[in-house]
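Reckoned from all heavy atoms, side chains included, excluding hydrogens, waters and symmetry mates. Each ligand, and each atom within it, is numbered from 1 in the order the structure gives. Position 1 is the first residue of the sequence; numbering continues from there. The structure presented is a predicted model; accordingly, all values stated were derived computationally and were not measured.
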Amino acid sequence: MSKKQIHLNGFAQNTVSPHAIGLWKHPEHEGHLHGTLDYWTKLAKTLEKGKFDALFLADVIGMYDVYKNNYQTAIEQAVQVPAHDPFLIISAMAQATKNLGFAVTASATYIEPYQLARKFSTLDHLTKGRIGWNIVTSYLESEAINLGLNKQIAHDERYDRADEYMDVVYKLWEKSWEDDAVIFDLENDCFADADKVHAIQHEGNYFKVPGVHLIEPSLQRTPMLFQAGASTRGRDFAAKHAEAIFTNTQNTKDAIPELQAFIQDMTRRLEKNGRHRENVKIIPAVVPIVGSTEEEANKKYQELKSYVSYEGAAALLSGHSGIDFSKLNPDDYVENLKTDAMQSRLENYTSTDPNHKWTVRDAVLYHGFSLGSAVLVGTPEQIADELVTLSTEGGVDGFNIRQTINPGTLNDFVEYVVPELQRRGVYRKEYEGKTLRENFFGKDQKQLTQNHYGKHVEIKEKLQSL
Ligand SMILES: Cc1cc2nc3c(=O)[nH]c(=O)nc-3n(C[C@H](O)[C@H](O)[C@H](O)COP(=O)(O)O)c2cc1C
């Protein structure tokens with residue numbers, strides 16, 4: 001029987017040092033060049049050399065200003081700011097590669113669905129079917145107040161609204177233009193058959209979109225859908241829509257039962273939506289630190305960690321958790337925190353194990369280095385062992401590879417860990433298909449599967465005047 005295959009995403013964000021706060025100071029880190037196309041095309045080529053499925057681009061459209069109730073620390077310590085637009089770097093990377101996919105984050109809370117559908121269809125054409133969408137509903141108050149609201153929409157309502165948002169975009173992507181609408185008929189001066197292009201006439205609680213999609217069908221129609229819902233409402237949303245689900249994980253030993261429980265829960269939710277476990281890829285994030293010996297890897301880990309900015313990391317965790325960490329005593333234990341704010345981001349740092357209790361200080365520093373993901377430190381063989389264990393015993397389908405420094409983290413991974421995974425027969429040596437969905441689900445799986453909700457949205461009869 002063939003071995004279970006691992007999928008890989010490179011994890012980035014269009015900012016200086018997105019997921020390792022303070023590492024912008026490291027002499028080998030080139031994050032300050034993220035405003036240049038060369039930086040991104042180089043990264044894309046490295047990932048394609050390593051046969052990665054995709055580059056995942058995270059994004060937020062606001063400041064981390066929960067810490068001390070202002071944005072000073074975020075600005076001073078480059079806490080995901082400057083925050084350049086992730087969409088605008090994709091065409092250049094697509095031109096520099098052939099198979100690598102691009103999963104880009106966009107907020108269903110702050111971008112109009114009609115506009116978002118157009119952006120993704122444009123990119124699906126330009127990339128020849130290599131675009132994916134990480135659907136987020138956003139979490140920072142600073143996003144809400146700069147994007148037209150007085151305050152954030154409540155957490156669960158953001159998802160209710162996003163559910164209707166998905167109806168709108170599925171109607172545009174899947175139902176507006178029939179496959180053979182473009183006829184390119186020179187003799188009759190007719191580019192496309194208007195009878196085969198339909199107005200979606202959507203009218204719901206949150207959105208009114210009467211018209212036709214502005215773009216003819218692309219290879220994937222709907223971009224491949226990624227999501228990272230952790231809450232009950234978020235998991236339901238993922239079970240209905242996502243084709244890949246991001247999750248976090250701590251070190252391997254603790255992670256396995258947690259991942260198994262998560263997967264069991266998601267499988268149950270998928271079945272409720274007429275879908276199956278094999279319809280989604282479950283992908284935790286890890287931070288690899290590779291050395292030629294264990295000792296060298298550990299030394300590298302200590303050296304990299306020494307660049308973390310405590311205050312910047314605290315500002316990041318404050319934004320993620322909604323709790324102002326400047327008010328906490330660094331020596332207190334995380335589980336003793338009494339607060340009404342969102343706690344899910346802190347669950348990584350609560351533990352029933354008396355030998356491994358997280359103080360506020362330790363949690364901040366760890367979060368600043370890895371955003372709470374597992375840090376895998378060792379030789380290529382040791383790291384491959386851990387990834388294979390998480391895949392076979394934990395049941396996950398692949399990994400988001402988080403960077404500490406660029407290009408160092410991904411160069412090392414592609415140079416040393418990828419060949420080890422290939423040697424073990426758990427990772428591709430060549431790409432099988434051409435589109436992003438094919439990278440994850442195999443050749444000829446270009447579009448949503450028939451049991452996906454998005455295939456079954458209905459539109460009313462067309463209305464020519466729209
Ligand atoms: C690996 C990973 C990447 C994420 N990337 C983003 C992002 O780029 N932008 C964003 O607003 N939220 C991002 N999130 C947050 C999720 O969208 C989601 O809000 C979070 O996992 C909490 O789940 P909940 O909304 O169901 O409570 C990410 C989460 C994970 C685990």
Any donor-acceptor N or O pair under 3.5 Å, side chains [X], [Y]:
X: Gln447; Y: His452; result: no
X: Thr409; Y: Thr404; result: yes
X: Thr36; Y: Asp38; result: no
X: Tyr39; Y: Glu30; result: no

May I ask you to decide if the ring planes of Phe369 and Tyr301 are parallel, tilted or perpendicular, using 30° and 60° as cut-offs?
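Plane angle between 30° and 60°, so tilted.
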
Quick one: does His155 get a heavy atom under 4.0 Å from ligand 1?
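In this structure, His155 qualifies as a contact of ligand 1 - some heavy atom is under 4.0 Å.
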
For Phe237, is the nearest heavy atom under 4.0 Å from an atom of ligand 1?
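Outside the 4.0 Å threshold, so no.
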
Subset of ligand 1 atoms that lie under 4.0 Å from at least one heavy atom of [X]:
X: Tyr139; value: 10 (C), 11 (O), 12 (N)
X: Phe246; value: 1 (C)
X: Tyr159; value: 24 (P), 25 (O), 26 (O)
X: Ala58; value: 8 (O)
X: Thr105; value: 7 (C), 8 (O), 9 (N)
X: Gly234; value: 26 (O)

When rounded to the nearest 0.5 angstrom, what distance separates OG1 in Thr105 from CD in Gln13?
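Spacing of OG1 (Thr105) from CD (Gln13) equals 7.5 Å.
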
Got a second to check how far Ile401's CD1 is from Phe56's CZ, nearest 0.5 Å?
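If I round to the nearest 0.5 Å, the distance is 13.0 Å.
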
From the options Ala162, Gly372, Ala228, select the one whose nearest heavy atom is closest to atom 21 (O) of ligand 1.
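Looking at heavy atoms only, the winner is Ala228.
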
Select the closest option to atom 9 (N) of ligand 1 among Asp59, Asn9, Val60, judged by heavy-atom distance.
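When every heavy atom of Asp59, Asn9, Val60 is considered, Asp59 comes closest to atom 9 (N) of ligand 1.
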
Cation-pi check, Lys98 onto Tyr431 ring (under 6.0 Å, within 45° of axis)
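No; the conditions do not both hold, so Lys98 does not lie above the ring face of Tyr431.
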
For ligand 1 and Thr247, I'd like to know whether there is a polar contact (N/O to N/O, distance under 3.5 Å).
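Min N/O separation from ligand 1 is not below 3.5 Å for Thr247.
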
